[in-house]
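What follows is a set of notes on a single structure, which appears directly below.
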Amino acid sequence: MTDLAGKHALVTGGGGGIGAAIALALAHAEAKVTICGRRFSELEAVAERHDNIRLELADVTDEASIAQLYQQAQTARGNFDIVVANAGTAESAPAEKVSHELWNKIINVNLTGAFLSVKPALAGMREKKWGRIVFIASTAGLKGYPYVAPYVAAKHGVVGLARALAIETAKAGITVNAVCPGFTETSLLDRAIDRIATTSRLAEADARKILESNNPQGRFIQPQEVADAVLWLCSDGSAAITGQAISVSGGETW
């Protein structure tokens, strides 16, 4: 996708999994990519895989940290043309056992962090009359799942945020969309499988089958499949696509 050559893209949570796949896809499409996160070693491992990728340490829940990220990255490489708000976290517990602290943590990372990650880019995108914002939500933003009430609430909020910003920016050459992956082969999935296996006293293979059964194709989504969807949404060919929640889930949701 040569139309991304020279564009500056920010990918939050770029140190592994879906974020790393997105960063590499954009870099291979000749975009200048800045990845951010809180763990230097993970970010460094991704940045070393392509010359177009640079890293910045940042906490998406901290507005001052995001401001510093923007100042440093944009001074070095120009304003962001693309922002992919990917950073997220999940923990499971029955709703009646969700503490206020856990609720705030999940909402802050997945929803507030998503907003803080894109907010500073909007003015520059309006000035250029071109921009691409992609939120990595989840099928949990389109349906309910048990034992992850804060995560489901946060991801529904992310889909709503994308739709609100899409209307605000529709005449400014900016598109705003949410990509909603199903269960995807990442470390987050590995932790979920471990929890299921432990609490249900199942073998890991059986726990995997339980989660795979959510996907009508009977498999887990691969990070590259999510990256491919993001790459298309960042291209000029997707200019008419805005305010959408695109399910990448093998038919689990639509």
Side-chain angles (χ1 to χ4, degrees), residues 1-37 42-56 58 60 69-70 72-88 114 117-118 120-122 124-137 158 162 165-166 169 172-181 184-186 221-249:
M1 294 195 177
T2 56
D3 57 342
L4 297 185
K7 302 289 189 187
H8 190 188
L10 170 65
V11 181
T12 69
I18 290 172
I22 292 169
L24 287 163
L26 290 167
H28 286 305
E30 301 182 39
K32 298 175 292 185
V33 182
T34 297
I35 57 174
C36 76
E42 294 178 4
L43 295 168
E44 184 180 41
V46 176
E48 287 176 347
R49 295 173 64 184
H50 201 289
D51 289 342
N52 286 1
I53 301 177
R54 296 185 183 178
L55 68 88
E56 296 284 348
V60 298
L69 157 70
Y70 267 76
Q72 292 175 344
Q74 293 190 149
T75 297
R77 308 177 87 181
N79 285 355
F80 288 118
D81 304 286
I82 297 164
V83 178
V84 182
N86 166 74
S117 297
V118 307
L122 291 171
M125 289 179 178
R126 287 185 187 276
E127 185 176 344
K128 285 187 179 181
K129 301 188 183 303
W130 196 97
R132 296 288 184 268
I133 294 172
V134 183
F135 293 101
I136 305 303
V158 169
L165 293 182
T169 61
I174 302 168
T175 66
V176 187
N177 293 285
V179 173
C180 301
T184 305
E185 285 276 16
T186 65
I221 303 302
Q222 298 303 306
Q224 187 60 48
E225 295 178 292
V226 184
D228 289 342
V230 172
L231 199 60
W232 174 64
L233 288 172
C234 292
S235 71
D236 285 337
S238 67
I241 312 301
T242 195
Q244 303 304 303
I246 298 175
S247 179
V248 181
S249 65

Using a 4.5 Å cut-off on heavy atoms from C-beta on, say whether the side chain of Ile136 contacts that of Ile22. yes
Which distance, rounded to the nearest 0.5 Å, do you find between the CD1 of Ile133 and the CD1 of Ile82? 11.0 Å
Kindly give the heavy-atom pair with the smallest separation between Asn79 and Gly124, and that separation in Å. ND2-CA, 4.1 Å
Would you compute the distance between atom CD of Glu48 and atom CG of Leu55 and round it to the nearest 0.5 angstrom? 9.0 Å
Under 3.5 Å, is there a donor-acceptor pair between the side chain of Thr34 and the main chain of Leu10? no
Measuring from Glu127:CD to Leu122:CG, what's the distance to the nearest 0.5 Å? 13.0 Å
Rounded at 0.5 Å granularity, tell me how far CD1 in Ile221 sits from OG1 in Thr186. 12.0 Å
Residue pair Leu43 / Gly15: nearest heavy atoms and the distance that separates them: CD2-N, 3.7 Å
Quick one: closest heavy-atom pair of Val248 and Ala229, and the distance? CG2-CB, 4.1 Å
Closest heavy-atom contact between Ala162 and Phe135? CB-CD1, 3.7 Å
Going by side chain to side chain donor-acceptor pair (under 3.5 Å), name the residues that satisfy it together with Gln244, two or more places apart in sequence or in a different chain. none
My understanding is that only residues two or more places apart in sequence, or in another chain, count here; which of them pass salt bridge (charged side-chain N to carboxylate O under 4.0 Å, His left out) with Glu185? Arg208
Glu42 meets the side-chain contact (heavy atoms from CB on, under 4.5 Å) criterion, sequence neighbours left out, with Arg39
Contacts of Thr175 that satisfy side-chain contact (heavy atoms from CB on, under 4.5 Å) - sequence neighbours left out: Arg132, Asn177, Thr242
What residues, two or more places apart in sequence or in another chain, satisfy side chain to side chain donor-acceptor pair (under 3.5 Å) together with Gln224? Asp228
Is the backbone of Ala31 close enough, under 3.5 Å, to the side chain of Asn52 for a donor and an acceptor to pair up by distance? yes
Between Tyr70 and Ser117 (side chain of the first, backbone of the second, donor and acceptor by atom type, cut-off under 3.5 Å), is there such a pair? yes
Mind checking whether Leu231 and Leu4 have side chains closer than 4.5 Å, heavy atoms only? yes
Could you tell me which residues satisfy side chain to side chain donor-acceptor pair (under 3.5 Å) with Asp236, sequence neighbours excluded, listed by chain and number? Trp130
Applying salt bridge (charged side-chain N to carboxylate O under 4.0 Å, His left out), can you list everything that pairs with Glu56, at least two apart in sequence or on another chain? none
Just by distance, do the side chain of Arg77 and the backbone of Gln72 share a donor-acceptor pair under 3.5 Å? no
Step by step, would you call Ser249 with Ser247 a side chain to side chain donor-acceptor pair (under 3.5 Å)? CA-CA 6 Å; Ser249 65; Ser247 179; 2.6 Å; yes
Sorted by chain and number, sequence neighbours left out, side-chain contact (heavy atoms from CB on, under 4.5 Å) with His28 holds for Leu24, His50
Checking Asp81 now: which residues fulfil side chain to side chain donor-acceptor pair (under 3.5 Å) with it, not counting sequence neighbours? Lys128
Taking only residues two or more places apart in sequence, or in another chain, which ones meet Ala87 in a side-chain contact (heavy atoms from CB on, under 4.5 Å)? Thr12, Val60
I would like to know whether Val33 and Arg54 meet side chain to side chain contact (heavy atoms under 4.5 Å, CB included); could you show each step before the answer? CA-CA 6 Å; Val33 182; Arg54 296 185 183 178; over 6 Å; no
Quick one: are Cys234 and Leu26 in side-chain contact, heavy atoms under 4.5 Å? yes
Closest approach of Cys180 to Ala137 (non-hydrogen atoms, all atoms of both residues): SG-CB, 3.9 Å
Which heavy-atom pair separates Val83 from Ala121 by the least distance, and what is that distance? CG2-CB, 3.7 Å
One should read off an interatomic distance between Trp232 CH2 and Ile246 CD1, to the nearest 0.5 angstrom, of 5.0 Å
